[in-house]
Amino acid sequence: MKQVTVRDTVQQHYQYNLSEPMGKHFDPEFTPELTPQQMLELGIFGGSYLNDCTDEFPAVWFRNARLSDHGPDPVYNFFEIGASLPLKVWQQKGWIYPDDPRGWFQWYCRYYMGRRLPEEDARQIKRWKAITRHVAQIKKACHPGDLTCHRRQRQALLHWAYDSRKY
């Protein structure tokens with residue numbers, strides 16, 4: 001079992017174990033359509049989500065990532081539109097778990113890497129599944145392949161590993 005020590009601007013000396021192979025052995029109810037690398041390459045969170053975490057994750061994830069060097073900027077998002085609530089809102093709503101202070105995507109990156117925290121994994125997978133309502137709304141309102149329809153909602157789905165370009 002490999003141990004990872006985190007040293008970034010949000011967490012110092014946080015450690016976790018990787019108990020599963022990268023990208024394998026997901027909960028059967030968790031079937032993301034995009035990998036963290038694909039998400040970063042498409043453009044999510046205004047290009048400023050994991051900029052100081054490049055040592056924690058595989059370098060290949062960042063080779064073609066759309067990253068901003070000046071803070072969040074919607075131009076770095078695939079749909080070039082803002083679709084994120086500020087982290088403070090997520091914190092106020094109680095959606096942030098102490099092990100993953102940046103939220104769902106940080107949890108997903110670590111889960112993808114092989115970290116397993118059974119209670120937190122179940123909570124985050126439940127949240128991920130709840131996002132499917134947005135997929136249904138896009139399918140109902142938009143013609144297949146019309147990426148100009150519901151751009152903000154499509155961008156938000158990319159943030160949750162749903163490939164909204166397919167709907």
Side-chain angles (χ1 to χ4, degrees), residues 6-14 16 26-27 29-57 61-62 65-113 115-142 147-165 167:
V6 178
R7 292 181 186 91
D8 61 38
T9 58
V10 178
Q11 286 179 309
Q12 291 289 315
H13 308 292
Y14 171 72
Y16 62 90
F26 286 12
D27 182 295
E29 293 189 17
F30 184 53
T31 56
E33 297 172 347
L34 298 167
T35 67
Q37 179 180 343
Q38 291 169 322
M39 294 168 71
L40 290 165
E41 289 175 355
L42 284 170
I44 55 171
F45 301 106
S48 69
Y49 194 88
L50 295 177
N51 300 29
D52 65 330
C53 301
T54 56
D55 290 340
E56 180 180 350
F57 302 109
W61 287 13
F62 300 96
R66 296 180 66 171
L67 299 177
S68 167
D69 61 359
H70 58 273
D73 186 338
V75 75
Y76 289 90
N77 285 338
F78 181 83
F79 290 96
E80 297 185 349
I81 192 165
S84 301
L85 293 172
L87 183 59
K88 287 182 180 187
V89 172
W90 292 79
Q91 292 165 334
Q92 291 166 350
K93 292 188 177 282
W95 294 337
I96 301 298
Y97 185 77
D99 283 355
D100 301 313
R102 296 171 194 255
W104 186 86
F105 185 59
Q106 185 176 45
W107 167 84
Y108 175 43
C109 290
R110 290 171 174 175
Y111 186 89
Y112 190 90
M113 292 283 296
R115 183 189 73 178
R116 297 296 183 268
L117 302 172
E119 287 181 31
E120 180 59 7
D121 296 347
R123 184 181 80 88
Q124 294 288 17
I125 291 168
K126 181 179 177 183
R127 293 179 65 224
W128 173 81
K129 286 170 55 177
I131 299 301
T132 60
R133 71 185 184 278
H134 295 286
V135 172
Q137 290 170 356
I138 287 174
K139 286 180 177 180
K140 183 177 180 183
C142 303
L147 299 185
T148 64
C149 181
H150 287 275
R151 289 174 49 232
R152 186 176 314 279
Q153 203 166 22
R154 287 178 182 276
Q155 183 66 46
L157 283 167
L158 289 179
H159 295 175
W160 287 86
Y162 287 96
D163 191 350
S164 63
R165 302 168 301 169
Y167 317 121

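Index from 1, following the sequence.
- Every residue was checked against the ring pair (Phe, Tyr, Trp, His ring centres under 6.0 Å) condition with His13, not counting sequence neighbours, and none meets it.
- Under the 4.5 Å side-chain criterion, counting only non-hydrogen atoms from C-beta, Tyr16 is not in contact with Leu117.
- From Thr132, atom OG1 reaches atom OH of Tyr162 across 5.0 Å, with rounding to the nearest 0.5 Å.
- Rounding to the nearest 0.5 angstrom, the gap separating the CD1 atom in Ile81 from the CZ atom in Arg152 is 4.0 Å.
- The ring of Trp128 has its center no closer than 6.0 angstrom to the ring center of Trp160.
- Remark: side-chain polar atoms of Arg116 are paired, donor with acceptor, to backbone N or O of Tyr111 under 3.5 angstrom.
- Less than 6.0 angstrom separates the ring centroid of Phe45 from the ring centroid of His159.
- With ring centers used as reference points, Trp61 lies 6.0 Å or more from Phe105.
- Within the structure, side-chain hydrogen bond (donor to acceptor under 3.5 Å, both in side chains) pairs that include any residue of residues 36-49 comprise Thr35-Gln38, Gln37-Glu41 (at least two apart or interchain).
- Between Gly82 and Asn77 the shortest heavy-atom distance is CA-ND2, 4.1 Å.
- Listed for the Gln12 side chain is a donor-acceptor partner under 3.5 Å among the backbone atoms of Asp8.
- No donor-acceptor distance shorter than 3.5 angstrom exists from the side chain of Ser68 to the backbone of Gly47, with no hydrogens or angles considered.
- Taking the centre and axis of the six-membered ring of Phe78, the NZ or CZ atom of Arg165 falls inside the cone set by 45° and 6.0 Å.
- The salt bridge (Lys or Arg N to Asp or Glu O under 4.0 Å) test with Glu56 singles out one residue from Arg7, Arg110, Arg115, and that residue is Arg110.
- Around CD of Glu119, the count of heavy atoms belonging to other residues, nucleotides or ligands within 6.0 Å does not exceed 12.
- Classification of the Tyr108-Tyr112 ring pair by plane angle, with boundaries at 30° and 60°, yields perpendicular.
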